[in-house]
Amino acid sequence: MLSSIIADFRIIFDRDPAARNWLEVFFCYPGLQAILLHRFAHRIHNLGMPFFPRLISHLARFFTGVEIHPGAKIGTGVFIDHGMGVVIGETAEVGDYSLIYQGVTLGGTGKESGKRHPTLGKNVVVGAGAKVLGNLNIGNNVRIGAGSVVLRNVPSDCTVVGIPGRIVYQSGVKVNPLEHGNLPDSEAKVIRLLLDRIDKLEQQVQVLQEEKLKERELVTAGGSHGVANADDDETHSCYLKDKEIEEFLGGTM
């Protein structure tokens with residue numbers, strides 16, 4: 001237990017540039033305080049002592065904003081950054097050196113008994129506000145993007161983003177776990193592909209309209225130019241390269 005506590009301290013200095021000294025970390029990091037209290041509650045929970053483990057968990061929740069059930073298994077060197085709103089269920093397991101941000105839920109999906117909470121492998125990063133629900137297996141070195149909702153198993157060395165969470169493979173690419181801005185946005189990419197496809201179709205429609213107008217000009221020499229200009233304006237106004245869409249995609253791609 002002592003080795004785990006030492007690892008809990010060291011990982012904070014490795015992953016948080018704001019950590020200045022051990023005194024500040026001990027008194028001002030609620031994530032560390034919650035884990036230390038949980039290790040004590042988990043120890044007496046395994047001894048079969050009633051009530052007191054849950055009381056310690058409840059007090060830890062009151063003072064830190066982090067709720068960890070005494071039955072949950074927390075590995076060595078786990079860092080809960082900021083911590084407010086984190087919920088870890090009774091049968092959840094968190095692997096060594098995992099990183100959990102505020103608002104994360106490792107919860108269940110119903111009232112079933114037995115193993116009903118997720119199992120996280122080693123070096124897993126769970127972004128702020130992410131939800132991992134059910135008896136899932138999350139592999140080693142997995143990154144779960146902020147706000148994602150994971151409902152299926154995730155193999156090792158993957159990135160999960162979106163609602164519901166979608167797996168994005170990054171084979172052979174080493175990613176810094178703190179660089180959240182490098183997480184891929186699969187939904188924005190799909191939207192971009194769809195918009196490009198629709199834009200090509202609109203261009204084809206415009207070409208067909210121009211050919212049709214030329215045929216009309218050959219039949220009726222007068223009065224067709226005004227109609228052509230009106231059709232051109234209408235087609236141009238339907239282009240998907242509008243300012244709002246470009247600004248939206250420009251901020252997510």
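The first residue in the sequence is number 1, and the count goes up from there.
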S.K.: Over all heavy atoms of both residues, which pair between Trp22 and Phe9 is shortest? Give the atoms and the distance, please.
M.R.: O-CE2, 4.1 Å
S.K.: Could you check if a side-chain atom of His117 sits within less than 4.5 angstrom of a side-chain atom of Leu106, using non-hydrogen atoms only?
M.R.: no
S.K.: What pair of heavy atoms forms the shortest contact from Ile11 to Tyr97, and how long is it?
M.R.: CD1-CD2, 3.8 Å
S.K.: Distance-only, no hydrogens or angles: does the Ser98 side chain make a donor-acceptor pair with backbone N or O of Lys122 under 3.5 Å?
M.R.: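 Answer holds: no.
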S.K.: So, does Asp96 use its side chain to make a donor-acceptor pair with the main chain of Thr76 at under 3.5 Å?
M.R.: yes
S.K.: Quick check: do Thr64 and Ile80 have side-chain heavy atoms less than 4.5 Å from each other?
M.R.: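 A side-chain contact is absent here, since even the closest heavy-atom pair is not under 4.5 Å.
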S.K.: Are side-chain heavy atoms of Leu36 and Ile5 found at a separation under 4.5 Å?
M.R.: yes
S.K.: Taking all heavy atoms of His82 and all of Pro30, pick out the closest pair and write down the distance.
M.R.: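 For His82 and Pro30, the tightest heavy-atom pair comes out as O-CG, 3.2 Å.
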S.K.: Could you pull out the closest heavy-atom pair between Val150 and Ile138, with the gap in Å?
M.R.: CG1-CD1, 4.2 Å
S.K.: With the side chain counted from C-beta on, respond yes when Gln204 and Leu208 share a heavy-atom pair under 4.5 Å apart, and no when they do not.
M.R.: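 Gln204 does not reach Leu208 side chain to side chain.
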S.K.: If only side-chain N and O atoms count, and only distance matters, is there a donor-acceptor pair under 3.5 Å linking Asn140 with Asn123?
M.R.: no
S.K.: Hey, what's the ring geometry for Tyr29 with Phe79, parallel, tilted or perpendicular (30° and 60° as the breaks)?
M.R.: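 Ring orientation, 0 to 90° scale: tilted.
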S.K.: Is a salt bridge present between Asp8 and Arg39, judged by a nitrogen-to-oxygen distance below 4.0 Å?
M.R.: yes
S.K.: Distance-only, no hydrogens or angles: does the Arg143 side chain make a donor-acceptor pair with backbone N or O of Asn141 under 3.5 Å?
M.R.: no
S.K.: If we only count heavy atoms from C-beta on, is the Ile74 to His38 side-chain gap below 4.5 Å?
M.R.: yes
S.K.: Apply side chain to side chain donor-acceptor pair (under 3.5 Å) to Asn137 and Asn153, showing your working.
M.R.: CA-CA 5 Å; Asn137 289 315; Asn153 295 333; 4.6 Å; no
S.K.: Determine the minimum heavy-atom distance between Ala130 and Ile144, stating which atoms define it.
M.R.: CB-CG2, 3.9 Å
S.K.: Could you check whether atom NZ of Lys214 has more than 12 heavy atoms from other residues, nucleotides or ligands sitting under 6.0 Å from it?
M.R.: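 Not buried by this count: 12 neighbours or fewer within 6.0 Å.
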